[in-house]
Protein chains: 2
Amino acid sequence: MPTVKVTRDDWLRGAQRALAESGVSGVSVEPIAKQLGVTRGSFYWYFKDREALLVGALELWESEETIGFIEELAPIAEPLARLQTLFREALTGDLIAGLEPAIVAHASDPVVRVVLERVTTRRLDYLTDLFAQLGLDPAAARRQAVATYAAYLGWIELRRAAPDIAPETKGSGPLVEPALDHLLRLLTP
Amino acid sequence: MPTVKVTRDDWLRGAQRALAESGVSGVSVEPIAKQLGVTRGSFYWYFKDREALLVGALELWESEETIGFIEELAPIAEPLARLQTLFREALTGDLIAGLEPAIVAHASDPVVRVVLERVTTRRLDYLTDLFAQLGLDPAAARRQAVATYAAYLGWIELRRAAPDIAPETKGSGPLVEPALDHLLRLLTP
DNA sequence: GCATTTCCGTACGGTACTGTATGGGCTATC
DNA sequence: GATAGCCCATACAGTACCGTACGGAAATGC
């Protein structure tokens with residue numbers, strides 16, 4: 001029996017799962033330990049306390065989110081194509097189904113707030129810049145970015161909260177393509 | 001000292017506040033009792049257990065949401081005007097700042113799910129009907145409704161999660177009017 | 001003005017989680 | 001094959017919440 005070791009990353013992934021399913025207060029050590037098949041002795045070896053786990057999980061999400069978000073699009077030259085693939089990737093990806101809605105919902109938590117504001121700022125700036133490259137003046141580009149980002153947020157919320165009610169948002173269903181086309185036509189100037 | 005009594009409705013409002021701030025697991029009896037200035041003895045007079053409080057708070061939200069949502073718009077004859085005032089009301093209203101995002105975020109909770117699916121179904125149906133009245137064929141109306149509702153959801157999420165990052169979503173700020181106009185132009189066919 | 005209903009305080013046992021202290025098994029290394 | 005460092009189990013307070021049982025004050029009906 002190899003008795004595979006539990007790593008620090010395992011704890012962070014477990015915390016993200018718990019965060020996606022049960023929110024901030026669901027990130028508790030004992031249940032995650034049980035799910036990982038160890039006791040809390042392992043946890044307190046890697047982390048100082050429960051808050052350190054939450055911060056680690058959020059910052060892991062932040063880094064992966066921004067790295068996979070922006071750097072993957074760099075090779076695409078055309079701004080319009082960049083916007084379209086950006087949206088397709090963002091709206092059909094897996095994103096640990098529900099992590100982001102859970103984070104947004106707990107914006108009142110001081111730990112969550114600081115990470116979420118960094119991510120939101122970065123994304124809105126990126127979108128604003130993109131729409132400016134498409135010819136919109138700065139104010140219009142900014143408003144377009146806000147509207148577009150709102151549509152993105154709501155889309156993944158809808159997909160998580162009621163996939164059966166709005167099957168158009170399901171990542172793999174047959175309805176998703178025309179619905180995505182429709183949304184993209186609304187959002188591209 | 002009149003020592004005002006605590007009503008069942010007070011408990012439901014307190015539960016909604018707690019739900020908006022801390023999610024489902026934040027709806028706990030003892031803290032709400034402290035905030036109301038009574039002990040848990042009052043609670044167990046009105047409610048069977050904690051879950052009954054959660055269900056009551058959700059159903060109160062559902063009824064107020066649908067009543068104030070649809071019936072207020074009935075007197076407006078023009079579909080386009082109905083859509084526009086609907087959106088302005090929904091996006092600038094107070095909505096117990098954050099109740100809805102919190103509910104959406106906890107869609108995995110079985111108690112939340114049933115209420116949320118009812119509300120989502122009703123709203124999407126209403127929007128689909130509205131766009132059909134504006135001349136769109138059934139499939140296009142449905143897609144337009146999904147896109148529009150996603151924009152609504154994301155807008156209020158954004159407004160709650162990062163009002164300082166996206167001041168365009170603040171209900172009273174000077175930036176909200178042009179941003180809303182922009183969004184409405186994108187979403188009206 | 002008495003009895004009844006309404007509403008709330010108090011006290012109890014139980015559960016689930018937190019953080020700490022401590023010790024011991026495993027693995028690598030030489 | 002002894003040693004050092006890594007990883008985890010166990011045991012022990014301490015906290016916060018739940019649900020129940022019971023009792024009493026305060027309003028209300030007649």
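In the text below, chain A, chain B and the rest are named by the order of the sequence lines, each starting its count at 1.
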(message) List the residues meeting side-chain contact (heavy atoms from CB on, under 4.5 Å) with T121(B), not counting sequence neighbours, and say none if there are none.
(response) I165(A), D125(B)
Not counting sequence neighbours, list each pair that qualifies as a side-chain hydrogen bond (donor to acceptor under 3.5 Å, both in side chains) and has a residue in [range].
range                     : value
residues 36-46 of chain A : W11(A)-S42(A)
residues 22-38 of chain B : S25(A)-S25(B)
residues 74-87 of chain B : R82(B)-Q133(B)

Under the 3.5 angstrom rule, does the side chain of [X] hit a backbone N or O of [Y] as a donor-acceptor pair?
X       : Y       : answer
S108(B) : E21(A)  : yes
D164(A) : P167(A) : no
E168(B) : V176(B) : no

(message) Salt bridge or not between E100(B) and R160(B)? Use side-chain N to carboxylate O under 4.0 Å.
(response) no
So which protein nitrogen or oxygen atoms get under 3.5 Å of nucleotides 9-13 of chain D's nitrogens or oxygens?
from   : atom 1 : to     : atom 2 : distance (Å)
dA9(D) : OP2    : T39(A) : N      : 2.5
dA9(D) : OP2    : T39(A) : OG1    : 2.6

(message) Give the residues of residues 45-61 of chain A touching DNA chain D, defined as any heavy atom closer than 4.0 Å, sorted by residue number.
(response) W45(A), Y46(A)
(message) With the threshold set at under 4.0 Å for non-hydrogen atoms, list the residues of residues 26-35 of chain A touching DNA chain D in residue-number order.
(response) none
(request) Runs of at least three consecutive Watson-Crick or G-U pairs, both distances under 3.5 Å, are what I'm after; which ones involve DNA chain D? (result) C:1-25 with D:6-30, C:27-30 with D:1-4
Contacts of [X] that satisfy salt bridge (charged side-chain N to carboxylate O under 4.0 Å, His left out) - sequence neighbours left out:
X       : value
E59(B)  : none
E177(A) : R88(A)
E157(A) : none

(request) Figure out the OH/P separation between Y44(B) and dC22(D), and round it to whole Å. (result) 17 Å
(request) Rounded off to whole Å, could you give me the NZ-to-P distance for the K5(B) and dG9(C) pair? (result)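 Atom NZ in K5(B) sits about 12 Å away from atom P in dG9(C).
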(message) Is there a side-chain contact between L73(A) and Y126(A) in this structure, where contact means two heavy atoms from C-beta onward sitting under 4.5 Å apart?
(response) yes
(request) Not counting sequence neighbours, list each pair that qualifies as a ring-ring contact (aromatic ring centres under 6.0 Å, His included) and has a residue in residues 71-92 of chain A. (result) none
